[in-house]
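Presented below is the structure to which this report refers.
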Amino acid sequence: GPRALVGGIILVRLVLVGLVFGSALGGRSGGIPVSARIIVGLVGLVAIGWFTMVSRDKSTTMPATTLFVQATVDILLVTSLVSGDATPLAALYVALVAVYGLLLPTGRSLLTTLFAGACYVAVTLQSPEAALAWSQVAVIGLVGVLIALLGNRLTSASREQHALAVALAQ
């Protein structure tokens, strides 16, 4: 369920933060300056703490704004890792829009997809392999839109099923 996805997001973000700090401290060359990568890594650590505190309250559902901010932080972390080349790490954008497409309402999920695509274009625009970037942006967009729409339908079907179960229990 959503709680398992939230736990997975926290775990994956820890790995992403470690990779961002490793790439910054390892002196890896790329389009993103080292100082910006360190700042993004620190923002990621703060977001982990905030997300962990908010997700502890199991009596309420996770607020959509909180999830949207978390999606933005994750996109920034992935963007600092991609840094200018057509790389297999770009597939992380697809995974991000898929997971957040299941958790966010449709509008915010589509905004997350748009932001992920824009960040990937901004980072890879000057790359010699820029033609590959457009195909990747198309994949990010397609997956994001499909998962947002299907996730919305799944959520409404789940609510209907819950309402039916409550009605039958009476």
If you take all heavy atoms of Ile48 and Thr52, which pair is closest and at what distance? O-OG1, 2.7 Å
Note: with side-chain heavy atoms under 4.5 Å as the link, the other cluster members for Leu149 come out as Leu110, Val145
Among residues at least two apart in sequence or on other chains, which ones pass ring-ring contact (aromatic ring centres under 6.0 Å, His included) with Tyr93? Tyr120
Is there a path from Leu42 to Val34 through hydrophobic residues (I, L, V, M, F, W, Y) whose side chains come within less than 4.5 Å of each other? yes
Minimal heavy-atom distance between Thr106 and Ala148, with the atoms involved, is OG1-O, 3.8 Å
If the test is side chain to side chain contact (heavy atoms under 4.5 Å, CB included), which one of Val69, Val46, Thr66 qualifies with Phe51? Thr66
Verify the cluster assignment for Leu114 and Ile140: are they in a single hydrophobic cluster under the rule of side-chain heavy atoms below 4.5 Å apart? no
For a quick test of reading the model, state the closest non-hydrogen atom pair linking Ala98 to Val143 and the distance between them. CB-CG1, 4.2 Å
Got Leu164 and Gln161 here, is their nearest side-chain heavy-atom distance under 4.5 Å? no
Leu81 CG to Leu76 CG distance, which is reported to the nearest 0.5 Å: 11.5 Å
Taking all non-hydrogen atoms of both residues into account, name the closest pair between Ala24 and Ile38 and its distance. CB-CG1, 3.8 Å
Sort and list the pairs that fulfil salt bridge (Lys or Arg N to Asp or Glu O under 4.0 Å) and have at least one residue in residues 100-111, not counting sequence neighbours. none
For residues 7-22, which side-chain donor-acceptor pairs fall under 3.5 Å, sequence neighbours excluded?
from	atom 1	to	atom 2	distance (Å)
Arg13	NE	Asp74	OD1	2.5
Arg13	NH1	Gln70	OE1	2.5
Arg13	NH2	Gln70	O	3.2
Arg13	NH2	Gln70	OE1	2.9
Arg13	NH2	Asp74	OD1	3.0
Arg13	NH2	Asp74	OD2	3.1

Have a look at Val78 and tell me which of Leu96, Val123, Val73 forms a side chain to side chain contact (heavy atoms under 4.5 Å, CB included) with it. Leu96
Ala36: what forms a side-chain contact (heavy atoms from CB on, under 4.5 Å) with it, not counting sequence neighbours? Ile32, Pro33
Correct closest heavy-atom pair for Cys119 and Ile75 would be SG-CG2, 3.8 Å
Shared hydrophobic cluster, Trp50 / Leu104 (ILVMFWY, side-chain heavy atoms < 4.5 Å): yes
Contact list for residues 109-118, test side-chain hydrogen bond (donor to acceptor under 3.5 Å, both in side chains), sequence neighbours left out: none
State, to 0.1 Å, how close Leu111 and Phe68 come at their nearest heavy-atom pair, and which atoms those are. CB-CE1, 3.9 Å
